[in-house]
Amino acid sequence: IHLVASTVKKISKGSMVMVMLGFTLATVMAATFTGSAVAAFCIVAPIVTATCEEMNISISKTIFSVGLVSIAACAIIPVGGSLAMLAELNEQYTMEAMDLFKGRGMSLLVLMLYTTFVGFRFAPEKPIVASKDSSELSKRVAHHEPLKQPQEIAAIAIFCLVSLCLIFNTPLNNVLAAIGGPNLAAWEISFIGAVATVATGVLSSKEACASMPIDLTLMVAGGLCMGSALANTGAGDLIGSAIANTASSLGNPYLIGALF
């Protein structure tokens, strides 16, 4: 990662616009091929963090723009995971491969221009919530013995394989289906990578558990439970119908968009 960061620094020659252009294009490609905003952000974020540290740039200047592009770029360009999302939507709606691009492509282009030339200029100098950079993490784990060569190779291989499997998730599932194997969701690929990290000795079980964001996990679990409750009790349909009735009475497409 630090090698990539050094390369970005040399290519950009200190230009913040060039740095943001690289981040934006990398995020669009990751979101397009994976079809998942979370997977795209997880792939790009470590590189963004390392590059910011290499160039002495505040991470808060860049990371919000990367998150925005991760969300906006999903299911627009009909390639990879985005094409799989289109296939899922076509179970209810009949659309051609380029329909999503025609409808949302301009908004993605505007956002890319914003994040490249404008976004970082208005981003805060320091994070609102204090965060730890990789140098602080390095100090925290300095008392641990360095990884042996086989474990270091395993760590690099696992990271690369998980990233590639997330990017080419749809072709991978096509190959698995052809040989009679089960499809792998993005979370299953990530889980297999985490298990492999512990199994190969890259992390101990205690280190792996300590690295888990329990608060975020509980928040997601609570959100899923709430969503299931809304769906099972009919409250979700009630809220959706109320919003739909309000939107239909407005008539103005801009007000409808603002409502949603």
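Nothing fancy with the numbering, it's 1 onward along the sequence.
- For the atom pair CZ (F23) and CE (M18), the distance works out to 12.0 Å, reported to the nearest 0.5 Å.
- To the nearest 0.5 Å, the span separating CD1 on I43 from CG on L164 amounts to 8.5 Å.
- Within a 6.0 Å sphere centred on CG of N245, other residues, nucleotides and ligands contribute more than 12 heavy atoms.
- Residues that satisfy the side chain to side chain donor-acceptor pair (under 3.5 Å) test with S12, not counting sequence neighbours, are absent from this structure.
- Applying the salt bridge (Lys or Arg N to Asp or Glu O under 4.0 Å) test to pairs two or more places apart or on separate chains, those with a residue in residues 55-68 are K61-E125.
- Rounding to the nearest 0.5 Å gives a distance of 10.5 Å between CG of L25 and CE of M20.
- No donor-acceptor pair under 3.5 Å is formed between the side chain of T116 and the backbone N or O of L113.
- The side-chain heavy atoms of V17 and F120, taken from C-beta on, include a pair separated by under 4.5 Å.
- V175 and L161 fall into different hydrophobic clusters, defined by Ile, Leu, Val, Met, Phe, Trp and Tyr side-chain heavy atoms under 4.5 Å apart, directly or through other members.
- Listed here is the closest heavy atom pair of L166 and A39: CD1-CB, 4.2 Å.
- In terms of heavy atoms, E207 sits closest to S204 at OE1-N, 2.9 Å.
- With sequence neighbours excluded, the residues forming a side chain to side chain donor-acceptor pair (under 3.5 Å) with S58 are S60, listed by chain and number.
- Nearest heavy-atom pair, I158 versus G193, reported as atom, atom and distance to 0.1 Å: CG2-O, 3.7 Å.
- Residues meeting the side chain to side chain donor-acceptor pair (under 3.5 Å) test with T24, sequence neighbours left out: T115.
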Check: residues 233-241 side-chain donor-acceptor pairs under 3.5 Å, at least two apart:
residue : atom : partner : partner atom : Å
T233    : OG1  : A229    : O            : 2.7
T233    : OG1  : A235    : N            : 3.4
S241    : OG   : D237    : O            : 2.8

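- A distance of 5.0 Å separates CD1 in I63 from OG1 in T49, rounded to the nearest 0.5 Å.
- Between L111 and A72 the shortest heavy-atom distance is CD2-CB, 3.3 Å.
- Hydrophobic clustering of Ile, Leu, Val, Met, Phe, Trp and Tyr side chains at less than 4.5 Å, counting indirect connections, keeps V38 apart from F64.
- When side chains are defined from C-beta on, T62 counts as touching M16, because their heavy atoms get closer than 4.5 Å.
- The heavy-atom pair separating S249 from T246 by the smallest distance is OG-O, 2.7 Å.
- Evaluation of the side-chain hydrogen bond (donor to acceptor under 3.5 Å, both in side chains) test over residues 183-203, restricted to residues two or more places apart or in two chains, returns none.
- Separation of atoms CG (L203) and SG (C209) is listed at 10.5 Å; rounding is to 0.5 Å.
- Two different hydrophobic clusters hold M29 and I11 under the rule that ILVMFWY side chains link at heavy-atom gaps under 4.5 Å.
- Between P46 and F41, the shortest heavy-atom distance links the atoms CD-O, 4.4 Å.
- Remark: L172 CG to C165 SG distance equals 5.0 Å, nearest 0.5 Å.
- By the rule that hydrophobic residues join a cluster once side-chain heavy atoms approach within less than 4.5 Å of another member, I71 and L109 end up as members of separate clusters.
- When the side chains of ILVMFWY residues are joined at heavy-atom separations under 4.5 Å, either directly or via intervening members, F159 and F191 end up in two distinct hydrophobic clusters.
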